[in-house]
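Everything quoted here is computed from the prediction, not taken from an experiment. A note on names: the letters A, B, ... follow the listed sequences, proteins ahead of strands, and every chain is numbered from 1.
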2 protein chains.
Amino acid sequence: MPRSQRRPALIHPEPDEFDLLDVLHALSDPTRMTIVQTLRAAPERACGTFPVEVAPSTLTHHFRVLREAGVIRQREDGNRRWTALRGEDLETRFPGVLDAIVTAYESELTRP
Amino acid sequence: MPRSQRRPALIHPEPDEFDLLDVLHALSDPTRMTIVQTLRAAPERACGTFPVEVAPSTLTHHFRVLREAGVIRQREDGNRRWTALRGEDLETRFPGVLDAIVTAYESELTRP
DNA sequence: ACCAACGTACGATGTTCGTCGTACGACGAA
DNA sequence: TTCGTCGTACGACGAACATCGTACGTTGGT
């Protein structure tokens, strides 16, 4: 029996339920912003393949914050959990927000 | 002798020193977002004239968070402290970010 | 000179947050 | 079946945070 039927399904709020302040809070952490930035280049990634240096359990925590804010979507696939950006949903609910933020973050990284 | 010469000057980072994650964190609080939203309509306001329901000392705290992130500018004038949005500075450093966020926040408020 | 108004500084308090180690469950391969 | 891998859940811990009350300094008017 697959994991998806033995464990509670992952919580993914609908765009109508997104809270902008939750999204901003989710993006105000360097580890989480690195995750989001990485996902803009790769459409879908496994959990362990992000260029961050934190413990696995810490990464799980950050994924939950992003997921419950509506920033990412995760799906089960055997032993892996694939993560993708909910770019379209965010664009529908908060037009221009994610794009402006990630663009600004990348320009900040290449500047100082 | 005016207050500005007897107390340490207010800290106002230059646009080059802005940290996007600090800005996002500053904006991820409902009280502070209300301050920002209010400042978009009125160019400059005294501290006690914001439609927030927190204690004065709490308001001082929120102003400091916004000020040190570069979101607002404050100047002394007699017994009052006037607060203004640093819209142009933010636009220079992080184009489109503040506008997208405040617009999204206002659309969220009118749309439960 | 006095006093009320404005806003700050400081300390206290309860909560949230980021981090980790450990234990565990599910899956895939040998 | 046995074992290693992937990722989670839980508990713990220190730091940061939002909030407040109180005391205080400055200012402007009476």
Side-chain angles (χ1 to χ4, degrees), chain A residues 1-12 19 21-36 39 44-69 71-84, chain B residues 1-12 19 21-36 39 44-69 71-84:
Chain A
M1 187 180 286
R3 175 189 282 179
S4 59
Q5 293 184 24
R6 303 192 57 124
R7 295 219 183 177
L10 294 172
I11 299 174
H12 288 104
D19 183 327
L21 301 189
D22 287 345
V23 172
L24 296 181
H25 170 252
L27 297 179
S28 66
D29 177 89
T31 299
R32 293 194 290 261
M33 186 61 96
T34 299
I35 293 171
V36 170
L39 285 173
E44 211 175 25
R45 256 186 133 89
C47 284
T49 68
F50 288 86
V52 295
E53 293 179 358
V54 292
S57 52
T58 303
L59 200 52
T60 296
H61 160 71
H62 288 306
F63 281 130
R64 183 170 54 237
V65 173
L66 289 168
R67 198 176 60 234
E68 295 183 353
V71 178
I72 63 172
R73 184 182 298 279
Q74 291 185 304
R75 68 178 178 89
E76 311 273 359
D77 174 30
N79 218 5
R80 297 264 170 87
R81 181 168 285 190
W82 295 91
T83 303
Chain B
M1 187 178 286
R3 175 188 283 179
S4 59
Q5 294 183 23
R6 304 190 60 124
R7 296 219 181 174
L10 295 172
I11 299 173
H12 287 105
D19 183 326
L21 301 189
D22 288 345
V23 172
L24 297 181
H25 170 253
L27 297 179
S28 68
D29 177 89
T31 299
R32 293 194 290 261
M33 186 61 97
T34 300
I35 293 171
V36 171
L39 286 172
E44 210 174 25
R45 258 187 131 90
C47 284
T49 70
F50 287 86
V52 294
E53 292 179 358
V54 293
S57 52
T58 304
L59 201 51
T60 295
H61 160 70
H62 287 307
F63 281 130
R64 182 170 53 240
V65 173
L66 289 168
R67 197 176 61 236
E68 296 184 353
V71 179
I72 63 171
R73 184 182 297 279
Q74 291 186 304
R75 68 178 179 89
E76 311 272 359
D77 174 31
N79 219 2
R80 296 263 171 88
R81 182 168 285 189
W82 296 91
T83 303

Nearest-Å distance for atom pair [atom1]/[atom2], residues [X] and [N]:
X	N	atom1	atom2	answer
B:Leu21	C:dC17	CG	P	16 Å
A:Phe63	C:dG18	CZ	P	14 Å
B:Leu66	C:dT8	CG	P	12 Å
B:His62	C:dT8	NE2	C1'	15 Å
A:Leu10	D:dG7	CG	P	13 Å
B:Glu68	D:dA16	CD	C1'	14 Å
B:Asn79	C:dC6	CG	P	8 Å
B:Trp82	C:dT8	CH2	P	14 Å

OP1 or OP2 of [N] under 4.0 Å from side-chain N/O of [X]:
X	N	value
A:Arg81	D:dT8	yes
B:His61	C:dC10	no
B:Arg64	C:dT8	no
A:Arg32	C:dG18	yes

Report yes or no: is there a donor-acceptor pair, N or O only, under 3.5 Å between the side chain of A:Thr58 and the base of C:dG18? no
Does the base of D:dG21 carry an N or O that pairs as donor and acceptor with the side chain of B:Ser57 under 3.5 Å? yes
Shortest non-hydrogen separation from A:Val52 to A:Leu59 and the atoms involved: CG2-CD1, 3.7 Å
Minimal non-hydrogen separation, A:Thr83 against A:Cys47, with atom names: OG1-SG, 4.2 Å
Would you sort out whether B:Phe63 and B:Ile72 count as a side-chain contact (heavy atoms from CB on, under 4.5 Å), showing the intermediate values? CA-CA 8 Å; B:Phe63 281 130; B:Ile72 63 171; 3.6 Å; yes
Of all the nucleotides listed (D:dA18, D:dT8, C:dT8), which has the minimum atom distance to the side chain of B:His25? D:dA18
Closest to side chain of A:Arg80, choosing from D:dG7, C:dG7, C:dT19: D:dG7
Going by purine N1 to pyrimidine N3 plus the second Watson-Crick contact, or the G-U wobble pair, all under 3.5 Å, which nucleotide sits opposite C:dA30? D:dT1
Using a heavy-atom cut-off of under 4.0 Å over every strand shown, decide if A:Val65 touches base, sugar-phosphate, or nothing. nothing
Relative to the 5' end of DNA chain C, which residue comes earlier, A:Asp77 or A:Glu53, by the nucleotide with the nearest heavy atom? A:Glu53
Short side-chain to backbone donor-acceptor contact, B:His12 and B:Gln74, under 3.5 Å: yes
Apply side-chain contact (heavy atoms from CB on, under 4.5 Å) to A:Met33 and A:Ser28, showing your working. CA-CA 7 Å; A:Met33 186 61 96; A:Ser28 66; over 6 Å; no
